[in-house]
Amino acid sequence: MTRILLVEDNEMNRDMLSRRLIRKGFEVDMAFDGKAGVERAKAGAYDLILMDMSLPEIDGWEATRQLRAFPETKTVPIIALTAHAMAGDREKALEAGCNDYDTKPIELDRLLGKMSALLPAKPA
Amino acid sequence: MPKPRRTAKPRARRSPRVSHLAHRQRALLRLSTGIAGAHDEAGIYDAVVNGLHDEALGYNFLALFVLDPATQERVMHSSVGWSGDPNLRVAPGAGLSARAIADGKLHYTPDVTRERNYVASLSSGSEVDVPLKVDGVMVGVLVVESTEPNAFDAEDFDILTAAMDQAGIALARVGLLAEERRRADEHAALFDSMTALAGDLELSRVLQVVLDRAVQLLNSTGGEVAIFDAQTRELVVSASANIGKDSTGTRLKIGEGAMGHVARTLEPIIIPSYHEWMGQSVQYADWTVHSVMAAPLLIGKRLVGAIAQIHSDPKRVFDGEDLRLLNLFAPQIAVAIENARLYTESQRQKQYFSELVGNSPVAIVTLDTNKTVRSCNPAFERLFGYTQEEATGQILDDLITTEATRLQAEEYTREALDRPIAGIGQRRRKDGTLVDVEVLGVPVIVDGEHVGPMALYHDITELLRARQDAEAANRAKSQFLANMSHELRTPLNAILGYAELVREEAEDRGLNEFTPDLTRIASAGRHLLTLINDVLDLSKIEAGKIELVAASFPVRRVIDEVSATVEPLVARKNNTFSVRCREEIGSMHSDETRIRQVLFNLLSNASKFTERGTIGLEVTRAGDEMLFAVSDTGIGMTPDQQAKLFEAFVQADASITSKYGGTGLGLAISRRLCRLMGGDVVVDSVLGKGTTFTVRLPITAPAAGAD
């Protein structure tokens, strides 16, 4: 089963997205802030990380940079999620080491498309 | 005639012949000497009677009478041995001397007591009357009386005749002198009046001076000068001299009175007796006016006024000579009136411009060709803090420039010597503070000569501040909208997500009756999302934070995809969709996503406002640009509606929003996106017929799209 780490501080978004992903057959772990996200990611060997950008403790960009610095998490696909749709957000996310970028509100089909593009071809 | 006291001494016995000869010679010598020394007529008359007076010759009483041409009376001018009225007047025909006047010959009366016609004024014995002629014209008579009868003989007649001949010649000479002097007076009067004209431009005073001169020279009683008022077509009396009362201000219609008459005929006129004249004005009816002479005052053939001269003495009538003199004055007065009019006009203009400059809120300064200040207005003083005295004579650019702006200012000044310039810059006040100004400079050209530039300074500090404030406010608004839409999207995210989630779960559990409501929640949520996205888009564009991603793409592919997306929308109101885009249209290098957004926006608009019509999308290439024409056969718009169409939050009609929905931002966003990509979108619409939006975009978008 594909293991996903969802780093998201907003309780409703976290709950809603995790439940929908579980319904689609993913195994979903959750972290509430950037620092916890980095800890879980290092320990968990996830197939893909969905990273909110505006997080307490350390933000998504910094968390991504830290994950890219660890050998264990260096190549894990990370998709940045943000409600910011301002100019430069996308570049900023890619610069920090994210593989892709999606804006909230999440359109599940669109997100699933981006996820499957980054995941090895195996049944979800 | 009064009975005067006789002053002559009792007549001595007549002297012997020899001594008579010597007396006669001495008398003639005295007469000649006296006449030679005489400068005028009175002097000659005195020389005659005083020279001839000789008791020894029996010339006891002598009187010289001059004919008054008007009355034909003899008027005593000079006398010896007479203590009565020195200006005695003798009626025509009366007295013994009337005979000499009548036939122009010498008459001798040996014994006056025998003559009935003798006017007994002196206790005379005998009398000789000798006519006085000048150039053959009878002008008077010399009366010589002796207390004794039979006192005179032929030798006396000879000497008296010779005396009168001399006197006549002398009078003719004096007359010529007088004529010369009169001409000299004329010239002096003209000179005076012209001096008055040149030296004094206050018209009423000038006219009064000239009129007084004319009255003096013409020896008339008085006169008037009137100015022609072209607006009312009336003559207005502007100077008046001794005509019975001050007539200044009297208005005469053309044709009214003597001046009105000449104003109509433009010819001078002499009226011998005004009160018998048909053209007299009622305004002069009660005045003591006898003979009148008037002339029009003309500049070329244009009437500027009229002058009149009057005699109140019924015995005096103007003649051709008077008219000649008046005609010497008329052109001078006309010129004076015209000069005054031009001067008043120029003064009025000067005052007008001076008021204009003085009261102008714009700082105005004039320079000479050396770039030094000639004058400045109060607004200049207020703006820069220099008084006119301080500024005048200074190099302008020394006064009001800073290190940083000096070069620009000097460039402006140099250019403004020859041609108008305009610009914006910063200048320095006297106290060192800076002021933002708009500068306008123009060359001032007088009679074809450049006399130096004039510069206008408009304080734009407030304008700049207002613009900065407006820009800041706009940025704040955009930031607020961006924040706001972000904050809205977070809860919306949850609403949409949970609606989807619940719908999926309900379907999984076979609770299909909830599906329609849950679908509605999701649909309404997505609509809300597009609205928020529009607001965010617009605020991003306005905040300059839009991201353009330029890449090359085949136009035809984008058109096909957009068409496929829009197809269901078009079909919804039974519209047909006509797409024309050739395969060979080629590629563009621009932001494909934004072009899709714009086209989608225009096509969904067209579908929204059209029913059972045709929606068209046609792509053509024009040089370096690609043209996308989106047409419909829908409701169309009025020109007013079209004018506001691309403003944010404006729909053609408030009722549109309730009927057709939308934020009113779509077109504003489309236009801004097009402009960001180096193109534009324009509208062409006819109310009730349909609308065509044409998007034109460069094939290759400009490099710097956004930050």
Side-chain angles (χ1 to χ4, degrees), chain A residues 4 6-26 28 30 32-33 50-56 59-60 79-95 98 100-115 124, chain B residues 478-479 481-509 521-549 591 593-594 597 673 676 704-707:
Chain A
I4 306 287
L6 172 60
V7 190
E8 164 69 82
D9 64 323
N10 182 285
E11 196 263 331
M12 277 201 290
N13 282 346
R14 198 172 59 231
D15 176 61
M16 178 264 298
L17 186 53
S18 61
R19 284 168 61 191
R20 296 183 79 189
L21 287 172
I22 290 164
R23 284 182 49 78
K24 294 293 177 188
F26 293 98
V28 181
M30 286 171 277
F32 302 172
D33 62 50
L50 296 173
M51 180 82 78
D52 183 26
M53 287 292 119
S54 46
L55 293 168
D59 66 23
I79 295 178
L81 300 179
T82 178
H84 289 286
M86 304 303 276
D89 280 2
R90 186 169 174 271
E91 276 69 27
K92 235 170 116 186
L94 297 183
E95 243 170 53
C98 296
D100 207 342
Y101 166 97
D102 206 0
T103 50
K104 294 191 258 185
I106 297 300
E107 268 185 50
L108 193 62
D109 289 345
R110 189 182 63 204
L111 179 62
L112 290 175
K114 289 183 178 179
M115 286 167 66
Chain B
S478 297
Q479 190 60 49
L481 289 174
N483 294 344
M484 198 56 194
S485 42
H486 170 62
E487 296 303 324
L488 290 172
R489 279 154 67 114
T490 304
L492 188 57
N493 196 10
I495 292 170
L496 280 174
Y498 280 108
E500 293 283 328
L501 187 64
V502 173
R503 185 169 59 85
E504 286 161 12
E505 295 209 351
E507 280 167 4
D508 286 354
R509 297 180 193 181
I521 291 173
S523 165
R526 272 194 297 274
H527 183 214
L528 181 56
L529 182 63
T530 49
L531 300 187
I532 291 169
N533 282 343
D534 275 357
V535 173
L536 185 59
D537 258 349
L538 186 70
S539 52
K540 277 196 296 184
I541 294 169
E542 295 202 336
K545 287 184 174 173
I546 193 89
E547 183 183 358
L548 280 187
V549 182
D591 191 324
T593 312
R594 296 304 181 180
Q597 187 181 352
L673 287 175
L676 272 177
D707 58 324

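Just so it is clear, the model here is predicted, and its values are computed rather than measured. Chain A is the first sequence line, chain B the second, and so forth, proteins listed ahead of strands; every chain is numbered from 1.
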Just how far is it from atom CG of Leu17(A) to atom OH of Tyr498(B), taken to the nearest 0.5 Å? 10.0 Å

With rounding to the nearest 0.5 Å, note down the distance linking CG in Asp109(A) to CD in Glu500(B). 8.0 Å

Counting heavy-atom pairs under 4.5 angstrom with chain B, the leader among Glu107(A), Arg20(A), Arg19(A), Met12(A) is Arg20(A)

Locate the shortest heavy-atom distance separating Met16(A) from Leu501(B); write the atom from each residue and the value. O-CD2, 4.4 Å

